[in-house]
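Contents: one structure, followed by commentary.
Side-chain atoms are counted along with the backbone in the values below, which use heavy atoms only and exclude waters and symmetry mates. As the structure is a computational prediction, the values presented were derived from the model and not from experiment.
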Amino acid sequence: MNKEIGNHIRILRQKKGLSQQNMADELGITVSSYSKMERGEIDLKLTRLNQIANALQVSVSEVLGEKEFSTVNDSKISYSDKSNESILATLEFLLQKVSYLEKEVYSLKKKKD
């Protein structure tokens, strides 16, 4: 799974005409660390996926290898050729996001009290 995501990141980076050095600088990491991400040797956390998506000016769904298309009412629906793996990756991402938001809500409630 990590290798597939890394491959999607590499393809998106190359389409944007960016080097690994450009991406490493944008993310504040070494080229070596960035290269490991593209090779799938590093597990990417939610925050890092968001940073990569922002640097590439794409959605996190695109980083995960999903494609989007518009329906008649212009809402977005994601799909993937490898739907089971894609669904699992998206679910994992969303669960991490929910966990992060729960922590944020808890932190805000503590500050309020």
Side-chain angles (χ1 to χ4, degrees):
M1 179 61 67
N2 290 335
K3 287 184 181 183
E4 287 181 42
I5 293 171
N7 189 47
H8 292 294
I9 292 169
R10 179 183 54 77
I11 291 167
L12 290 168
R13 173 183 59 78
Q14 290 173 339
K15 283 182 180 178
K16 297 287 183 175
L18 299 171
S19 67
Q20 287 188 342
Q21 182 68 57
N22 297 138
M23 290 297 293
D25 292 344
E26 183 73 26
L27 300 173
I29 59 176
T30 65
V31 174
S32 175
S33 292
Y34 179 79
S35 179
K36 288 178 183 178
M37 285 183 209
E38 283 193 0
R39 290 192 311 265
E41 296 174 7
I42 295 176
D43 287 333
L44 297 174
K45 303 292 183 198
L46 170 65
T47 53
R48 185 64 76 194
L49 283 171
N50 278 324
Q51 290 173 334
I52 291 168
N54 288 335
L56 294 169
Q57 298 177 338
V58 298
S59 68
V60 173
S61 294
E62 288 178 85
V63 172
L64 293 174
E66 296 177 344
K67 300 172 185 163
E68 294 183 342
F69 63 93
S70 295
T71 60
V72 174
N73 63 2
D74 204 30
S75 60
K76 298 289 184 183
I77 298 176
S78 296
Y79 70 93
S80 173
D81 296 331
K82 297 184 179 186
S83 60
N84 287 341
E85 291 179 17
S86 180
I87 290 169
L88 290 174
T90 303
L91 180 58
E92 181 181 338
F93 167 76
L94 291 172
L95 289 172
Q96 289 175 354
K97 189 170 185 173
V98 167
S99 176
Y100 170 79
L101 291 172
E102 286 174 339
K103 289 176 186 175
E104 286 292 308
V105 168
Y106 178 77
S107 175
L108 290 171
K109 284 183 178 179
K110 276 187 92 170
K111 286 181 184 178
K112 185 178 176 185
D113 295 337

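In this structure, NZ in Lys45 is found 13.5 Å from CD in Gln51, a value given to the nearest 0.5 Å. Distance check: Ile42 CD1 to Ile29 CD1 gives 7.0 Å after rounding to the nearest 0.5 Å. For the atom pair OG of Ser107 and NZ of Lys112, the computed distance is 13.5 Å after rounding to the nearest 0.5 Å.
Cluster membership for Tyr106 and Leu101, using ILVMFWY side-chain heavy atoms within less than 4.5 angstrom, is not shared.
Take Gln20 and apply the side chain to side chain contact (heavy atoms under 4.5 Å, CB included) test, not counting sequence neighbours, and it matches Arg13, Val31, Tyr34, Ser35, Glu38. Among residues two or more places apart in sequence or in another chain, the side chain to side chain contact (heavy atoms under 4.5 Å, CB included) test is passed with Ser19 by Gln21, Asn22. With sequence neighbours left out, the salt bridge (charged side-chain N to carboxylate O under 4.0 Å, His left out) criterion links Arg48 to no other residue. Qualifying side chain to side chain contact (heavy atoms under 4.5 Å, CB included) partners for Lys16, counting only residues two or more places apart in sequence or in other chains: Leu18, Leu56, Gln57, Val58. Under the rule for a salt bridge (charged side-chain N to carboxylate O under 4.0 Å, His left out), Glu26 has no partner lying at least two apart in sequence or in another chain. With sequence neighbours left out, the side chain to side chain contact (heavy atoms under 4.5 Å, CB included) criterion links Gln14 to Arg10. With sequence neighbours excluded, the residues forming a side-chain hydrogen bond (donor to acceptor under 3.5 Å, both in side chains) with Ser33 are Thr30, listed by chain and number.
Between Leu44 and Ile9 there is a side-chain heavy-atom pair separated by less than 4.5 Å. Looking only at side-chain heavy atoms (C-beta outward), Leu49 and Leu64 come within less than 4.5 Å of each other.
When every heavy atom of Glu4 is checked against every heavy atom of His8, the shortest pair comes out as O-CD2, 2.8 Å.
Within the 3.5 Å criterion, the main-chain N or O of Lys3 finds no donor-acceptor partner in the side chain of Asn7.
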